Amino acid sequence: MRGFLDTHRTGQAVALGEDQRPVPLRKHAPGLGDFIMDETVAEYIRRTVLKIPRDEIKTMLQKWGFLSEAQLQTINFHQLKDNISQDVVQLCEENSADIKQAAVLDIIYNYIYPNKRVWSVYQMNKTGEETDFFDLTDFKKKIKRRLRSALKNVTITFREYEDNAVWIRIAWGTPYTKPNQYKTSYVVYHSQTPYVFISASVLKSNLPLLCQALVVASNYHDIREMELRSHSLNSLKDIVFKRYSQNFQTYYPKPLRERDVAPETDLRIIQENKNEKERIERVNREIFGDGPQPKLEFAQYKLETMFKSDPKMDVLDKKEPFRCLVKFSSPHLLESLKSLAPAGMADAPLSPLLTCIPQKARNYFKIREKKGLFPGSFVSP
């Protein structure tokens with residue numbers, strides 16, 4: 001049987017639901033009449049709070065800035081996360097929160113945890129060498145105008161950060177449905193650069209519209225995908241902005257400690273082994289540099305080469321390409337490749353097929369016959 005309690009955190013009366021858990025009643029917003037926050041907004045804020053690690057909830061809410069410090073002081077951040085999320089939702093209702101504020105909180109979460117998404121790199125191009133002054137207000141206006149002229153139901157939210165990065169969150173709808181806040185596209189654009197990092201929603205049909213809006217808003221002429229993807233947004237930036245392995249430290253090879261060996265051991269073998277280890281270290285350093293490698297999780301190679309055999313054997317009736325897909329996966333692929341030769345698991349140097357990934361800024365490759373080998377002027381060994 002339902003009743004009422006008067007002992008909730010705020011002193012309000014709350015209703016008891018079927019599971020006997022207190023459900024806060026709608027609060028009167030002073031000066032605004034009876035404000036009832038949209039249920040989808042309330043649920044989205046609640047789920048966003050639940051994704052945040054408990055120790056970081058208060059800090060992230062402070063970065064959000066929508067709730068006052070006095071309101072945050074009323075929340076017990078040591079209780080169950082579900083109860084914390086409900087308290088946050090009630091405070092948001094007191095402040096008349098709408099989807100715009102909820103979207104900003106989601107951007108902050110994704111900015112702090114960008115590795116939760118898969119990012120693809122796109123490069124825009126100009127016809128000339130001219131550089132245009134970047135006007136953020138004009139950029140936002142053009143993005144909104146282009147997207148909303150083609151699709152009425154769409155939520156577009158912007159947030160700027162100190163590294164000249166503009167974060168754009170887009171929730172897509174249809175002419176007949178509201179924007180789906182759980183299937184959003186994220187765009188990170190660094191002004192004065194031609195690079196755009198996109199984490200697209202499952203609605204891939206909207207990707208061409210998004211790309212067109214970016215080209216128009218940033219005063220470029222076309223855009224192309226670079227075949228470079230990863231969960232690590234910062235590593236993708238390091239690759240395209242050439243920020244990896246640039247510590248320029250002088251390398252001083254450390255002498256290898258020799259083991260105590262029996263007198264009959266051939267010292268020449270020991271010296272040869274030492275020289276080989278030093279050679280491997282030198283070659284590895286020339287290829288990978290001294291610094292840490294950008295973090296990529298995979299590299300994929302599609303082979304489309306002709307099968308070569310003796311004509312007399314008649315192995316294949318049709319002269320069709322031999323197709324094969326090879327994929328290398330690792331939590332940190334480039335560091336794994338870097339460790340192969342020193343560990344004795346591969347010869348040094350490694351194949352350029354593997355070591356060219358950061359230089360070519362791509363981890364998707366197509367290997368065809370010699371005439372069409374590796375678009376982008378890649379030369380096979």
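Just so you know, these numbers use all the heavy atoms, side chains as well, and skip hydrogens, waters and symmetry mates. Because the structure is predicted, anything quoted here is derived from the model rather than measured.
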Asks: Give the C-alpha distance, both sets of side-chain angles, the deciding distance and a yes or no for ring pair (Phe, Tyr, Trp, His ring centres under 6.0 Å) between Tyr182 and Tyr44.
Replies: CA-CA 8 Å; Tyr182 298 97; Tyr44 192 79; 5.1 Å; yes
Asks: Under the 3.5 angstrom rule, does the side chain of Glu335 hit a backbone N or O of Gln293 as a donor-acceptor pair?
Replies: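 Here the side-chain-to-backbone pair exists.
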Asks: Could you give the distance from CG (Leu91) to OG1 (Thr74), rounded to the nearest 0.5 Å?
Replies: 4.5 Å
Asks: Okay, side chain of Glu304, backbone of Lys366: is any donor-acceptor separation there less than 3.5 Å?
Replies: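 Not a single qualifying donor-acceptor pair exists.
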Asks: Give the minimum heavy-atom separation between Thr177 and Asn153, together with the two atoms involved.
Replies: O-ND2, 3.0 Å
Asks: Closer than 3.5 angstrom, by distance alone: can the side chain of Arg54 be matched with the main-chain N or O of Gln79 as a donor-acceptor pair?
Replies: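 Looks like yes, one N/O pair under 3.5 Å.
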Asks: Let me know which of Gln101, Arg47, Lys51 forms a side-chain contact (heavy atoms from CB on, under 4.5 Å) with Asp106.
Replies: Lys51
Asks: Are the side chain of Asn95 and the backbone of Phe66 linked by a donor-acceptor contact shorter than 3.5 Å?
Replies: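 Yes, Asn95 side chain to Phe66 backbone: donor-acceptor pair under 3.5 Å.
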Asks: For the pair Asn164 (side chain) and His190 (backbone), establish whether a donor and an acceptor sit closer than 3.5 Å, ignoring hydrogens and angles.
Replies: no
Asks: If you round to the nearest 0.5 Å, how far is CG of Leu210 from CD1 of Ile223?
Replies: 7.5 Å
Asks: Can you tell me how far CD of Gln90 sits from CD of Gln71, rounded to the nearest 0.5 angstrom?
Replies: 10.5 Å
Asks: Please name the residue in the list Tyr195, Tyr122, Phe139, Trp167 that meets the ring pair (Phe, Tyr, Trp, His ring centres under 6.0 Å) test with Tyr189.
Replies: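 The single option meeting the ring pair (Phe, Tyr, Trp, His ring centres under 6.0 Å) with Tyr189 is Phe139.
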Asks: Once rounded to the nearest 0.5 Å, what's the spacing between atom CD of Glu225 and atom CG of Leu207?
Replies: 7.5 Å
Asks: Can you see which heavy atom on Ala361 is nearest to which on Leu228, and at what distance?
Replies: O-CB, 3.5 Å
Asks: Would you compute the distance between atom CG of Leu105 and atom NZ of Lys63 and round it to the nearest 0.5 angstrom?
Replies: 12.5 Å
Asks: At their closest point, which heavy atom of Lys295 faces which heavy atom of Ser235, and how far apart are they?
Replies: N-OG, 2.6 Å
Asks: Identify the heavy atoms of Asp82 and Arg46 that sit nearest to each other, and give their distance.
Replies: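 Heavy-atom minimum between the residues: OD1-NH1, 3.1 Å.
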Asks: Strictly distance-based, threshold 3.5 Å: is any side-chain N or O of Arg362 a donor or acceptor partner for the main-chain N or O of Tyr364?
Replies: yes
Asks: Considering all heavy atoms of both residues, which atom of Lys144 and which atom of Ile156 are nearest to each other, and what is their separation?
Replies: CA-CD1, 3.8 Å
Asks: When hydrophobic residues are tied together by side-chain contacts of less than 4.5 Å, even through go-betweens, does Leu50 share a cluster with Val88?
Replies: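 Leu50 and Val88: separate clusters.
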Asks: Are the charged groups of Glu160 and Lys140 less than 4.0 angstrom apart, N to O?
Replies: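 Yes, charged N to carboxylate O under 4.0 Å.
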Asks: Count the heavy atoms belonging to other residues, nucleotides or ligands that lie under 6.0 Å from CG of Asp222, then report whether that count exceeds 12.
Replies: yes
Asks: Linking I/L/V/M/F/W/Y whenever their side-chain heavy atoms sit closer than 4.5 Å, directly or via other members, would Val216 and Tyr220 fall into one cluster?
Replies: no
Asks: Look up atom CH2 in Trp172 and atom CG in Asn206, then write down how far apart they are to the nearest 0.5 Å.
Replies: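 The CH2 atom of Trp172 sits 4.5 Å away from the CG atom of Asn206.
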Asks: Closest heavy-atom contact between Ser218 and Lys126?
Replies: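 In this case the closest contact between Ser218 and Lys126 is O-NZ, 4.2 Å.
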Asks: With a 3.5 Å distance limit and no angle check, can you tell me whether Glu56 reaches the backbone of Pro53 through a side-chain donor-acceptor pair?
Replies: no
Asks: Can a donor-acceptor pair be found, under 3.5 Å and without considering hydrogens, that links the side chain of Ser149 to the backbone of Arg146?
Replies: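 At least one qualifying donor-acceptor pair exists.
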Asks: Kindly work out whether a path of hydrophobic side-chain contacts (I/L/V/M/F/W/Y, heavy atoms less than 4.5 Å apart) joins Val215 to Leu136.
Replies: yes
Asks: Quiz question: by atom type and distance under 3.5 Å, do the side chains of Glu297 and Ser230 form a donor-acceptor pair?
Replies: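 Per modelled atom types, Glu297 and Ser230 side chains form a pair under 3.5 Å.
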Asks: Are the side chain of Trp119 and the backbone of Val188 linked by a donor-acceptor contact shorter than 3.5 Å?
Replies: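 Such a contact is absent between Trp119 side chain and Val188 backbone.
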Asks: Determine whether a donor-acceptor pair (N or O, by modelled atom type, separation under 3.5 Å) exists between the side chain of Asp38 and the backbone of Asp98.
Replies: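 Side chain of Asp38 to backbone of Asp98, a donor-acceptor pair under 3.5 Å: no, none is there.
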Asks: Parallel, tilted or perpendicular for Tyr301 and Phe365, by the 30°/60° rule?
Replies: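 Parallel: the ring planes of Tyr301 and Phe365 meet at under 30°.
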